[in-house]
Amino acid sequence: MADLVVRSTRVHTGLRELPAQIVIKDGLVTGLRELGETVVAARELDLGDQLVIPGLVDTHCHFRDPGFTHKEDLASGTRAAASGGVTTVFDMPNTEPPTTTPDRLRAHLDDLDRKSVVDYGHNASAVEPDLIPELAAAGAAAFKLWMSYDVERTYPHSPSTAVTDRAVLYRAFEEVAGTGLPLYVHPTDHELYNLNSSRAKEQWGVDPASYARSFRLGDSVAFNAAVATLLEFQRSVGTRLHVLHLSSVEGIRMVREAKAAGRSVTGEANPFAMFVTNDWDRIEQRGPFVLGQWVPPADDVAMWSAIVDGTVDVIGSDHAPHTTEEKLPGWKDMFAAPSGSPMIADYLRLLLTAVHDGRLTLDRVIELCCVNPAQLVGLTGRKGTLEPGADADFVVLDLDHVAPIDGSTSLYKCGWSPADGIVTRGRVHRTFLRGTEIYRDGEVLVDEGFGRPVIG
Ligand code: DOR
């Protein structure tokens, strides 16, 4: 007898949408049956016409734990994830201390085990190439590098998680290739960005608009030169390269070409760029609370085309909270305030709205947020899908819900969202992880530590 059967006229498995009964036993999807067939189960859930999709897999979030737990921690961040329909998370290593050594990675995974309410893995830092094989053996899901660090602020891009020396970067490519894991890189050429930020300051001062423009000087040369370097290193070494923050015409052209040549390259886009920082009025109105990087109109068109046509493989939330007190000084000097904003609870709502508006198909959203991120980290068939054999991770959606996003009612510690005020259509009603309901209408229903490791 099954533990649970879930019925809906609209089940999207990741591969197809169909009316179905999802049969669940021991936390796994054991079958998909036609509606009307007899299924014997201990519990039944009739969802009528509510859309059911696989739980989202977020390969890019910053939970601030350890070191910056006043912004977020592994419990609050994963609760917010559950509220956003995210059932598997992979957090980033720019913590304090950063996850640069096997001991720190093991301690971090133990901490996730105690605190996470969703399933989890961790992206270790690749700043010390010699430690990469040991980090992989200790359970890294992937590796992360920044190519640039902040000069006027100490966070979020600290020197301890960045590699500016090309020889060290090349060594990291070689060592990561040996592990078979993907290397995620934040592409910004350090010297070119510093040149551009000094030029922006000279020309426009230090307000948020100047900061926004600094990234795009020379038609995004700091971003594009970094992408060119990464693609050349990938060509030379063969590493599985995952290019983060794809949002420039030229960067996208280069990645598209590399993929067409059959190279092991994937691309990521981020909701803040798709819905927030591509809107200059919003940058002027919300300043530090949306920045991040500005996406000018031509880049926006290229980014959305890349998201639609498959050049972008994955949407990562890039959930990166900071407190209001930390952001406020950015109105005077954005170069000294932290960049990044929370997103993990909001991005599915924004994407469902894009589906409603005809900008993306539901199939594509599920590929970008469920199927492809699971594939990136070697979890095809287990996460990001509701086909038989998968973990029974799913989200029940309320597609008629219309309301503005309001970070003050979110489960974020920081209490604000860069998308505040954006009216969305569609929301997460309930979230299930391995067959257990973990979230419903604003409330997390399981204790810290319910999440399990997915790597190793
Ligand atoms: O603006 C950013 N903020 N970029 C990153 O790469 C990291 C993030 C953060 O951690 O705040």
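Computed from heavy atoms alone, side chains included, the values below leave out hydrogens, waters and symmetry copies. Residue numbers count from 1 along this sequence. When a ligand or atom number is given, it counts from 1 through the structure's own listing order.
- The six-membered or imidazole ring of His60 lies away from that of His186, with a centre-to-centre distance of 6.0 Å or more.
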Practice problem: Determine, stepwise, if the pair Phe272 / Tyr347 fulfils ring pair (Phe, Tyr, Trp, His ring centres under 6.0 Å). | Solution: CA-CA 9 Å; Phe272 76 82; Tyr347 72 117; over 10 Å; no
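- A donor-acceptor pair is defined here as one N or O able to donate and one able to accept, closer than 3.5 Å; no such pair exists between the side chain of His62 and the backbone of Asp318.
- For the pair Arg434 and Phe450, the cation-pi test (distance below 6.0 Å, angle within 45°) is passed.
- Close placement of the Trp304 and Phe275 rings is indicated, their centers lying within 6.0 Å of each other.
- Protein residues with a heavy atom closer than 4.0 Å to ligand 1 are His62, Arg64, Asn94, Trp146, Pro156, His157, His186, Ala320, His322, Ser339, Gly340, listed by chain and number.
- Each side-chain hydrogen bond (donor to acceptor under 3.5 Å, both in side chains) pair with one or both residues in residues 164-178, not counting sequence neighbours, appears once here: Asp130-Arg171, Arg166-Asp189, Arg166-Thr229, Tyr170-Ser236, Arg171-Glu175.
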